[in-house]
Structure formats: C-alpha cells, structure tokens
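One structure is given below, encoded as structure tokens.
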Number of protein chains: 2
Amino acid sequence: MQEALTILKKHKLSVTEARMAVLNVFTDNEEALSHSEIENHTSGFFDRVTLYRTLQTFVEKGLIHQIPTTDNSVRYALCKEHCEEGHHHDEHVHFVCNDCNRTICLDHVIIPKVRLPKGFQTSQVDMIVKGTCDECK
Amino acid sequence: MQEALTILKKHKLSVTEARMAVLNVFTDNEEALSHSEIENHTSGFFDRVTLYRTLQTFVEKGLIHQIPTTDNSVRYALCKEHCEEGHHHDEHVHFVCNDCNRTICLDHVIIPKVRLPKGFQTSQVDMIVKGTCDECK
DNA sequence: CCATTCTTTGCAACAATATTGCAAATTAGG
DNA sequence: CCTAATTTGCAATATTGTTGCAAAGAATGG
C-alpha cells in the first residue's frame, strides 16, 4: 500500500516489513488499537518484541499517539497531521464504546481548554468519553 | 482510623483488615495511586490477589475511581462523595506531573461539557492533563 | 549493482503483572 | 457463641513487558 510508505518516508524511518505491516493495520482500521489487537491483525507474523519496539518508535516519531485506558491496555491511533517528534497535536476527544468496545478518534471534537489552579503548567491534555457509539445506540 | 470504618459501613461492605488498610492508604495520601504503590504502602502485608480484589470491589461499590494512563498502570483515587455503585460522579480533572510523577485530583476543576457527533451518548468522561505541578515548577 | 555501515529483527531468558479455583480463615448477624 | 456467608491466601497458570545479543535486512556511496 502506498500510504504506509509515504508516512514512513515523511518521518525519515527506514522501510521494513514490520513497520509497513503495522502501519497498514492502522490505515485499514479507523479505531484505536491495543498491542494485542495489533498482534492479532498481523497474524502473529512478527515477534512480540518487534511490535513493542515498532510502536515505541512510532510514538516517539509522531506517527501514532497513545490513548490512556483504565484497563491496562493502552491504545494507539494514527496521527492525522501536525504531529511532530516528541510533541503531539492530537487534541481531539477519544470515545470508548461500552458496547462494541471500540475506541474512536473524534477528530473534529476539540478538547476545550481548562483553567488550572495557580502553578500548574500544561504540556498535554487527554479527554476520554465513554458511552454508546453511533453504531451501537 | 475512624474515617475508613465510616466509609466501609456507608457502602455496606464488611470490615476486614485488608480493606481498612487499603482505605487508610488512600486517606493518608492525597494522590492517586497505582496497584504497586498501594502494595508498597501496605508493606506487602497482604497477598497481591487480595489487593486486586479489594480494589475491584472498591471501584464497583464507588469508594474509589480509576484514572486512565498511557503506561499500563491504572491509578486509583478516593471518591469524594456522590459516587454511587456503578456510577461515578467524579467529573474533575486529573493532573499528572511529568517531574514528580504524582497524579493529583483537581477536585475543583470541573470537566467542561463537549458536544459529540450525532448518535454518541455519554456515560462518563475523563480528562487527564499532563505537565508540571505547582510544587515542581 | 555491489560492498560497507548502520539499523532492525528474532530469539532466549527473564521480570512483572494479572487471573482463577479452592480450602482455610474471618466477618456479620442472630 | 454459633452458623452462614464472605473474604483471604496459596498455588498454579496466563498474560504482558523488558533486555542483551547475534543474525538479517535496509540505506548509502561509489
């Protein structure tokens, strides 16, 4: 697939089978995925360690972003644009459906600014909304 | 300690050594704690399994709430009030300090409402702000 | 297209974290 | 106190995450 290749080059990463495969999983799936889901989507073709390292570099280089969870299974989603090395601009809301259990990036729902108490400085904000998604309602 | 006992009775839970100890850890510490931190604070006196189960019932009964993380170490914090079985009303912002690594409940910073796309229904909202806390700045 | 250099991968070993069943201990309530 | 119901600890097992190192693969310059 063309897109994955473009993304890798754009971020100056060498092109390998594992990276292409993982990126394709993301471009094929709209939702945010956990490590184990990615492992399944790549049919266990790659070593578990390779996936850990691949995901780690993708996060560091700004190809994907992490979504916090309460179930010890961090999820990852493709960054749309503007995400730079070390600094993510994915300030959109993430939605977790209680029914189908999907995690969806609501790209057009911007996280509102909040006023913090004196002395607190913000570097990054995450907002996770749980409920029922449009397909499950 | 009195407070822990009161909380247990209020939620109709039987009073045991483990539950008292865990609750005391929470009332003694303002911050949100991870499983392993709680394990340390109780000096490893209780079996790891007991802690898992204790935390689980506390969440289910609304004594504590979970705070999502991106590092696979969910944190727990005491609910202030109004938290009912199965439904939490802890709609305040959580702050994670990049320096001291503490997770702080900003009880007075209310999470703003957001407008979701058509078809999405909200049951719970989490907002995590990362940055530098007032003590580390 | 080849050779060299640097990066990435897989394996192995290990560490940490999470889950389940069951018997023994503890708690609640009369 | 006695009984029934709940909670705990242990053991076994499963899942998840980490590190070092040698081999395989990718990029670069000629």
Side-chain angles (χ1 to χ4, degrees), chain A residues 1-2 4-25 32-64 66-76 85 101 103, chain B residues 1 4-25 32-61 63-64 66-76 85 101 103:
Chain A
M1 189 186 268
Q2 173 64 11
L5 190 65
T6 315
I7 298 173
L8 283 178
K9 298 217 158 162
K10 177 175 146 198
H11 291 271
K12 300 199 173 59
L13 286 174
S14 51
V15 179
T16 72
E17 207 182 342
R19 287 174 179 173
M20 288 293 283
V22 172
L23 268 185
N24 283 331
V25 171
L33 303 165
S34 67
H35 179 101
S36 63
E37 285 168 338
I38 295 164
E39 203 169 338
N40 293 337
H41 280 293
T42 51
S43 323
F45 193 77
F46 302 100
D47 195 277
R48 161 195 287 287
V49 179
T50 302
L51 292 187
Y52 279 113
R53 294 195 267 225
T54 302
L55 291 172
Q56 186 181 302
T57 47
F58 281 6
V59 170
E60 285 168 359
K61 300 287 182 176
L63 284 72
I64 60 179
Q66 297 175 298
I67 299 146
T69 65
T70 45
D71 67 347
N72 285 333
S73 68
V74 183
R75 284 166 181 275
Y76 303 88
E85 200 161 323
N101 207 34
T103 298
Chain B
M1 188 186 268
L5 190 67
T6 315
I7 297 173
L8 283 177
K9 298 216 158 161
K10 177 176 146 195
H11 290 271
K12 300 199 175 62
L13 287 174
S14 51
V15 178
T16 72
E17 208 182 341
R19 287 174 179 173
M20 288 292 283
V22 172
L23 269 185
N24 282 331
V25 171
L33 302 165
S34 66
H35 178 100
S36 63
E37 286 168 337
I38 295 164
E39 205 170 334
N40 293 336
H41 279 294
T42 50
S43 324
F45 193 76
F46 303 99
D47 195 278
R48 164 188 286 284
V49 179
T50 302
L51 293 186
Y52 280 114
R53 294 195 267 226
T54 302
L55 292 172
Q56 186 180 303
T57 47
F58 281 7
V59 170
E60 286 169 359
K61 300 287 181 175
L63 282 72
I64 60 178
Q66 297 174 298
I67 299 148
T69 64
T70 45
D71 66 345
N72 285 334
S73 68
V74 184
R75 283 167 182 275
Y76 304 87
E85 199 161 323
N101 206 35
T103 298

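Values below: every heavy atom of this structure, side chains too, minus hydrogens, waters and symmetry copies. By convention in this document, chain letters (A, B, ...) are assigned in the order of the sequence lines, proteins followed by strands, and residues within each chain are numbered from 1. Remember, it's a predicted structure, so these values are computed and weren't measured experimentally.
- To the nearest angstrom, C1' of D:dA26 lies 13 Å from CG of A:L5.
- Of the possible donor and acceptor atoms, none in the side chain of B:N24 sits under 3.5 Å from a partner among the backbone N and O of B:A4.
- In this entry the distance linking CG of A:D71 with P of D:dT15 reads 16 Å, nearest Å.
- A:L13 has its CG atom 16 Å from the C1' atom of D:dG25, to the nearest Å.
- B:T54 places a side-chain N or O within 3.5 Å of a backbone atom of B:T50 that can act as its donor or acceptor partner.
- Chain B approaches DNA chain C over the interval C:dT17 to C:dA28, counting the first and last nucleotide 5' to 3' with an atom under 4.0 Å from its heavy atoms.
- If you measure from atom CG of A:L51 to atom P of D:dT16, you get 13 Å, rounded to the nearest angstrom.
- Distance, B:L8 CG to D:dT7 P: 11 Å, rounded to whole Å.
- Closest to the side chain of B:R53, from the set D:dC10, D:dT18, D:dT19, is D:dC10.
- Summarising the geometry of B:T42 relative to B:L51, their closest heavy-atom pair is OG1-CD1, 4.2 Å, with the distance given to 0.1 Å.
- Put simply, CD1 on B:I38 and OH on B:Y76 are 7.0 Å apart, with the number rounded to the nearest 0.5 Å.
- Between the CD atom of B:E17 and the P atom of D:dT8 there is a distance of 10 Å, given to the nearest Å.
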Q | Chi angles and distances behind the side-chain contact (heavy atoms from CB on, under 4.5 Å) call for B:L63, B:L8 | A | CA-CA 8 Å; B:L63 282 72; B:L8 283 177; 4.2 Å; yes

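- Side-chain proximity of B:A18 to the nucleotides D:dT8, D:dT18, D:dA27 is greatest for D:dT8.
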Q: Could you go through the side-chain contact (heavy atoms from CB on, under 4.5 Å) check for A:F58 and A:L23 one step at a time?
A: CA-CA 9 Å; A:F58 281 6; A:L23 268 185; 3.8 Å; yes

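- Residue contacts shown for A:R19 are limited to sugar-phosphate atoms, with no base heavy atom under 4.0 Å away.
- Taking the nucleotide of DNA chain C with the nearest heavy atom to each of B:S36 and A:S14, the more 5' of the two is matched to A:S14.
- Between D:dT8 and B:T16, a contact under 4.0 Å exists linking OP1 or OP2 to a side-chain N or O.
- Here the side chain of A:H35 is nearest to one of D:dC10, D:dT8, D:dG17, namely D:dG17.
- To the nearest angstrom, P of D:dT19 lies 15 Å from CZ of A:R48.
- With rounding to whole Å, B:L55 atom CG is found 15 Å from D:dT8 atom C1'.
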Q: Could you give me the CA-CA distance, side-chain angles and deciding distance for B:R75 and B:Q66, then say whether side-chain contact (heavy atoms from CB on, under 4.5 Å) is met?
A: CA-CA 6 Å; B:R75 283 167 182 275; B:Q66 297 174 298; over 6 Å; no

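- Across the interface with DNA chain D, nearest-nucleotide mapping of B:N72 and B:V49 shows B:V49 to be the residue nearer the 5′ end.
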